[in-house]
Amino acid sequence: MRIAIVNIGSIVSGDLDHPLVAGDTIVLEGDRIVAVGTASARDVEACDVVIDADRTTAIPGLIDSHVHITFGDYTPRQQTIGYLESYVHGGVTTAISASEVHVPGRPRDADGVKALAVAAHKCFAHYRPGGMRVHAGSVILEPTLTGNDLGEIAKQGVWLAKAGFGAFATAFEYAPLIAAARAHDMITTVHTGGASIPGSGAITGDHLLALKPHVSFHVNGGPTAMPDRDFSRIIVESDIALQICTAGNLRTALLCASLAERHGAFARLLIATDTPTGSGVMPLGMLYTIAHLASLGGVAPERAIAAATGSNARVYRLDTGVLAAGKAADIVLIDAPEGGTQATALDAIRNGDIAAVGAVIAGGEPRFVGRSRNTPATTRKVRVAKSAVARDFSASAH
Ligand SMILES: [Zn+2]
């Protein structure tokens with residue numbers, strides 16, 4: 001399918017270095033973006049579907065890098081089905097599993113741990129709930145695993161490893177397995193802050209600096225924060241990515257963002273939700289944290305959006321999260337919510353409002369055009385101006 005989005009008010013790229021792009025048109029072909037900014041009338045005419053953005057704002061599909069995926073579109077923790085499809089209505093087009101820790105009765109032995117990671121990875125390879133791309137199968141590091149075990153599952157496609165819930169006496173003991181996971185080219189992540197479930201201990205600055213993971217999971221606490229003094233140590237003494245989560249400590253999320261700005265490390269700041277957990281299912285969690293950073297933390301809205309898109313994509317090596325030719329065709333149209341005080345999506349976010357979602361395109365397919373089930377209505381009205389495809393894009397597609 002070839003799609004043109006025309007009459008865009010502003011384009012937020014997701015790239016922190018160049019967060020705004022001039023122009024009013026985006027063209028997609030198949031699952032790729034082919035042009036951002038301008039397109040000839042002929043190119044637009046040749047499209048199967050033309051979406052009139054009505055001067056709303058285009059952003060990359062949001063990437064939630066901390067979702068408690070299990071199997072299917074179901075969370076046992078909150079006993080809710082269809083939550084991932086619901087997140088698509090909050091503008092999330094990519095979810096990264098925080099490891100399958102919430103699978104009831106999850107195994108602890110090496111064979112079971114490996115089988116769980118491989119099965120979760122492969123189950124989501126061709127399954128897109130609501131159109132969302134899910135990267136699952138993050139192996140939970142346990143003392144029963146060896147470096148060879150990690151090599152075996154890496155060959156099966158597993159590329160995420162998570163430390164923090166294994167049966168180790170202290171968190172320092174994860175170091176050899178994290179190093180082994182890195183040697184197999186996996187992205188390594190470490191739980192940060194106070195214990196979130198019984199049996200896991202607090203993990204703070206000393207642990208992170210010794211373990212050297214790619215990402216500090218919920219650096220602001222999941223949900224309990226580590227000591228304030230540890231934030232600047234991690235920022236200055238390491239290159240660990242700083243994932244701030246909606247379901248964490250808001251004060252330390254803002255502290256971490258301001259320290260990252262001060263030390264020139266904002267590119268390492270990632271936004272995620274850490275849901276569904278005890279805090280629940282939060283389809284608008286990404287939009288909340290973007291609004292919190294912009295309205296309370298003084299971060300420019302387009303930079304906060306980059307932390308939720310392009311910065312996540314860079315750290316996790318994904319080919320989405322940035323609006324540029326060749327990237328995945330994952331695009332969200334947002335606007336000032338109807339009845340609010342602000343004129344544009346970016347002004348609304350700066351004001352602390354939740355942006356209204358007017359359309360989501362994921363994997364090159366419009367998942368809905370017009371009205372999100374979860375956000376307020378948009379002020380302007382995104383609509384399908386032309387379609388040669390026998391599909392009703394106004395309803396949520398599966
Ligand atoms: Zn978590």
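Whatever order the structure lists ligands and atoms in, that order sets their numbers, starting from 1. Side chains included, hydrogens not; waters and symmetry mates left out as well; all remaining heavy atoms used.
Ring planes of Y316 and W159: perpendicular class, angle over 60° (limits at 30 and 60°). The aromatic rings of Y87 and Y83 lie perpendicular to each other, with more than 60° between the two planes, well past the 30° mark.
At least one N/O/S atom of H68, from backbone or side chain, sits under 2.8 Å from the Zn ion (ligand 1). Note on H218: not counted as a metal contact of the Zn ion (ligand 1), no N/O/S atom lying under 2.8 Å.
Side-chain atoms of H121 and Q156 include no donor-acceptor pair closer than 3.5 Å.
A salt bridge links R317 with D185: the closest approach of a Lys/Arg side-chain nitrogen to an acidic carboxylate oxygen falls below 4.0 angstrom.
One finds an angle of 90° at the Zn ion (ligand 1) between NE2 on H66 and OD1 on D274, to the nearest 10 degrees.
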